[in-house]
Amino acid sequence: SKDMAAGMAAGSSSVGDGGHRFSSRFGFVLAAVGAAVGLGNVWKFPYLAGENGGALFVLLYLIFLLAIAMPILIAEVLIGRRGHVSPPHALKRQASEFTRRSGTGWYAIGVAGVVFGLVIMSFYSVVSGWIFDYMWTGITQGFGAFDPGRSRAHLAAMQASVPRLLVLQGLFIVLTVAIVALGVRRGIEAAMRWMMPAMGLLMIGLVVYALVAGAGSRALVYLFAPDWTRLTVPVAAAALGQAFFTLSVGLGGMMTYGAYLPDRASIVRSCTTVALADTAVALLAGLAIFPIVFAEGLDPAGGPGLIFVTLPIAFADMPGGDVFGVAFFAFLFLAAITSAIALYEPTVAWLEERGIRRLHGTLIAAGGSWLMGLVTVLSFNEWNNVHPLAWAGERFAGATPFETITLGLDNLILPVGALLIAWFAGRLMPAPAVVGELSADPPWVARLFRLAVRWWAPLGILALLVFNFAGMTIG
Ligand code: TRP
């Protein structure tokens, strides 16, 4: 069946993007880093850290990233590469290979993962749209006038306008569709060779400026001196959810890129590079944001607008800030769009295997995520007093529909998805199949990986899920 699957992947390579295999491990690493590094690092990580009290959240996030999300990432890539097809088919075929059943249940799970990728894109596209507004503002007016009051007002004015949000979101989706449908992903991967280091340098520059000109030492304490007395289940659950989100795991999305990874390349080494790059960007983002937050008296728990309020203030004060600011938002856009591509790719690959043309599949994915994105757009204005989780106790009482989606993903969907993936790689897949895929690494790597996906990752996830929901209904 492996030959058949490989044949399929090779057969469909004539469609669209000119070959569904990366030419090297490096090609995979570039694309996977592109998928992992995005708004999750620069936008979501800082505001979640702020909402969850700082250092303890950061530490838990790092622990969960290493101990739980990394093994799940490896599992996804491994399942994908062994199948060389889209997530639903990779799961179904291998499930029926291992269990002698039809694998229809796993197919449905794969489809659910693909669809939840579009749910992520629904809000991802809206927030990515905001980046255009800030680039445009930087180019036309500069950031000079951005003091805290002005910055908050700018964000509020943008979020209040439904047409503006729709146009910005639409622009982002159209650009993503163009890239996915035209298959210029290869070109993007090539461009990422210099874009990634450039973005890294820009971030480091921003961090240095923030640490020197802002409240550097306060930010360092806030981010890296954990106060264990503040340990709560919701903080831990948020950290786990963010660890999954930032590595793009839990929905099978990384199986798609795994399917394009050459057979002999080391999965573990590739995934380690991805995780290191991803973590570096998140920590740099935190170090860039919080010195400004404290220096300007902003609220660390200010929510999803945090970076959009904070960064322009930094650009206003720093020498060459307008150029730097526009460049920064331009790179943030690139980081976002390489993740957005990876959010559409599983749907498109799956539909392609079902005989739907690449362009049509892309349009279906785009239409679905655009429509669902209306929920996010309206959450910042018309529906900002709609609270779908009011019944679920105090903790979620204030959540808007948009926050319901992100909380639902982080606290429920991604952990459950990760649990299923751990089950698949740890208990459904026989050891020889796993060992075979990890043969580029020393044998202890495969042993450690199997321990992780059979025992500590699922047990950790399950424990947090149970405590989280028990706590939600009791208190
Ligand atoms: N990791 C991406 C980011 O941090 C977002 C993301 C979450 C994602 N799940 C995904 C991207 C699945 C691609 C596929 O911005």
Side-chain angles (χ1 to χ4, degrees), residues 28 30-49 61 64-65 69-70 72-73 75-77 80 86-87 110 112-131 172 176 179-180 185 188 192 196 199 203 239-260 271 274-286 304 307 331-350 365 369 376 405-406 408-418 421:
F28 166 84
L30 282 175
V33 169
V37 174
L39 293 180
N41 309 62
V42 181
W43 162 72
K44 192 158 172 272
F45 173 74
Y47 92 74
L48 277 182
Y61 159 83
F64 292 151
L65 197 79
M70 262 286 278
I72 303 297
L73 174 62
E76 282 200 24
V77 174
S86 73
V114 161
V115 170
F116 275 114
L118 300 182
V119 173
I120 292 187
M121 185 61 177
S122 78
F123 67 82
Y124 210 88
S125 55
V126 174
V127 178
S128 297
W130 300 352
I131 299 170
F172 184 76
T176 310
I179 291 167
V180 176
R185 203 185 59 224
I188 293 217
M192 289 216 348
M196 279 289 162
M199 174 149 178
M203 302 262 332
L240 181 67
Q242 174 62 11
F244 291 139
F245 186 90
T246 195
L247 282 190
S248 306
V249 298
L251 300 178
M254 285 304 210
M255 286 180 200
T256 316
Y257 281 1
Y260 308 154
C271 291
V274 172
L276 283 175
D278 187 75
T279 307
V281 175
L283 293 179
L284 287 174
I307 69 156
F331 278 104
L332 185 56
F333 159 70
L334 293 170
I337 202 159
T338 50
S339 298
I341 293 165
L343 285 165
Y344 281 167
E345 186 66 27
T347 304
V348 176
W350 169 55
S369 57
T376 294
I405 293 173
T406 55
L409 280 162
D410 283 358
N411 288 280
L412 183 65
I413 304 298
L414 297 184
V416 168
I421 289 157

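Throughout, residue positions are numbered sequentially from 1 according to the sequence presented. Because the structure is a prediction, the values reported are computed rather than measured. Whatever order the structure lists them in is the order used to number ligands and atoms, beginning at 1.
Closest of all the heavy-atom pairs between E76 and S248 is OE1-O, 4.3 Å. When all heavy atoms are compared, the tightest approach of S369 to Y344 is OG-OH, 2.7 Å.
Annotation: side chain of V42 is in contact with side chain of M199 (closest heavy-atom distance under 4.5 Å).
For an aromatic pair to be called close, the ring centres must be under 6.0 Å apart, and F244 with F64 fails this.
The structure places CG of D278 at 6.5 Å from CG of L65, a figure rounded to the nearest 0.5 Å.
Of the possible polar contacts, none joining the T246 side chain to the A243 backbone as a donor-acceptor pair under 3.5 Å is found.
Contact residues of ligand 1 (protein heavy atom closer than 4.0 angstrom to a ligand atom; sorted by chain and number): A35, A36, G38, L39, G40, N41, I120, Y124, F245, T246, S248, S339, A342, L343.
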